[in-house]
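Starting from 1, each residue takes its place in the sequence as its number.
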Amino acid sequence: MTKTTGNPVERLTPLAGGLAVVLMAGCSVTPRVGPQSPPPGPGQAYVVMGLQPQGAIVQWRRGTLQNDRFIATDSDLADVVMHANGGYAIAQFKSGQHYALTQIFAGGKGPVEACGGTQVPVVFAQEGAVLYAGDFKLEPAEWGVRYALTSDVAGAARHVDAVYPKLAGHVEMRVARAMPIDNPCVRTIIVREPAATTKRKK
C-alpha cells in the first residue's frame, strides 16, 4: 500500500446547521451507481474512493484550473455527493471536467467547507473510466475536519469486483492531487422576513 502525506484541510468555514441540510440535500440528483450498473457510458465517469468513518459525507464541485489553483463554479450546490458505506463510496461524474472535494461532514463535525487557499483533493473525470481517487480518512479537529490520503488501488479493485461485478477489472488509479482552492470564505444568506400584518379598524 502506498502512503501519501495527507494535507490537513485548514481554514474551513463551518456552516449553520439549517443551511448545511439545504446544501447537502440539494444534490440528491447525483446519479446512483448500483451493484448492477454497467460501465460508464459517453459523457460519464465513475469515481471510487475509500472513505472513513462510516457515515461520512463529502461533496465534489466542478471547476477550472488556473495557475495550479482550483476555482469552483459559481453555484453553491454540490455537483456530486458521496456517502461512505462499507469503507468506500462510488458515484457517477460528468466526464471531461475537474472536480474538487470541497465540503465534508464526518464524526459529528460539519459540514465544513474548503475555501481561501485551502489545499483540496482534485480529480479529472475521464470519460468511460472507473477512477480510484485514493483512500480518505476524515478526522474531527478543533477547527473543523482534517483528512489523511493513502493509496490502495488493489483494495479498491477488490471492493469494486465484489460489489459491482459489471465493473470488475475496470478500476484505474488516478489518486487525487492536492491544490489550493481560490474561492473566498464568504457566504451570503438571504432571510425573508414575514410580511407585516395590518390590523383592521373596528
How far apart are the closest heavy atoms of Phe93 and Ala125, and which atoms are they?
CB-CB, 4.1 Å

Is it true that a side-chain atom of His159 and a backbone atom of Ala157 form a donor plus acceptor pair closer than 3.5 Å?
no

Give, for atom CG of Leu149 and atom NZ of Lys137, the distance between the pair rounded to the nearest 0.5 Å.
13.5 Å

Would a 4.5 Å heavy-atom cut-off, applied to side chains only, mark Lys166 and Pro35 as touching?
no

Cluster overlap Val120 with Ile71, hydrophobic side-chain contacts below 4.5 Å
no

Taking every non-hydrogen atom, the tightest pair across Pro53 and Ala84:
O-CB, 3.5 Å

In Å, rounded to the nearest 0.5 Å, how long is the span from OG1 of Thr73 to NE2 of His98?
14.0 Å

Do Lys94 and Tyr99 make a side-chain contact, defined as non-hydrogen atoms from C-beta onward lying under 4.5 Å apart?
yes

Indicate yes or no: at least one non-hydrogen side-chain atom of Val130 is less than 4.5 angstrom from one of Pro40.
yes

Of all heavy-atom pairs between Ser151 and Val175, which one has the smallest distance, and what is that distance?
OG-CG2, 3.6 Å

Steps toward side-chain contact (heavy atoms from CB on, under 4.5 Å) verdict (Val123, Leu131):
CA-CA 9 Å; Val123 297; Leu131 308 173; 5.9 Å; no

Taking all non-hydrogen atoms of both residues, which atom of Arg69 and which atom of Met179 are closest, and how far apart?
N-CE, 3.6 Å

Report, as yes or no, whether the 6.0 Å neighbourhood of atom CZ on Arg177 holds more than 12 heavy atoms from other residues, nucleotides or ligands.
no

Within a strict 4.5 Å, meaning less than it, do heavy atoms of the Gln44 and Ser95 side chains meet?
no

Using modelled atom types and a 3.5 Å cut-off, is there a donor and acceptor pairing between side-chain atoms of Tyr46 and backbone atoms of Val171?
no

Check: Thr102/Glu113 side-chain N/O donor and acceptor closer than 3.5 Å
no

At what distance, to the nearest 0.5 angstrom, does CG of Asn85 lie from CD1 of Ile90?
12.0 Å

Can you see which heavy atom on Ser37 is nearest to which on Leu167, and at what distance?
O-CD2, 3.9 Å

For Gln54 and Gly86, indicate whether the former's side chain and the latter's backbone hold a donor-acceptor pair under 3.5 Å.
yes

Interatomic spacing from CG in Leu101 to CZ in Arg61 - rounded to 0.5 Å
12.0 Å

Backbone of Asp152 reached by a side-chain donor or acceptor of Tyr132 within 3.5 Å:
yes

Do the side chains of Phe70 and Phe124 join up, straight or via other hydrophobic residues, at under 4.5 Å, putting them in one cluster?
no

CD1/Ile57 to NE2/His83 distance, rounded to the nearest 0.5 angstrom?
5.0 Å

Is there a donor-acceptor contact under 3.5 Å from the side chain of Glu127 to the main chain of Gly43?
yes

Within the 4.5 Å heavy-atom criterion, are Met49 and Trp60 side-chain neighbours or not?
yes

Which heavy atom of Val80 sits nearest to which heavy atom of Gln92, and what is that distance?
CG2-O, 3.9 Å

Hey, what do you get for CD1 (Ile104) to CG (Leu51), rounding to the nearest 0.5 Å?
9.0 Å

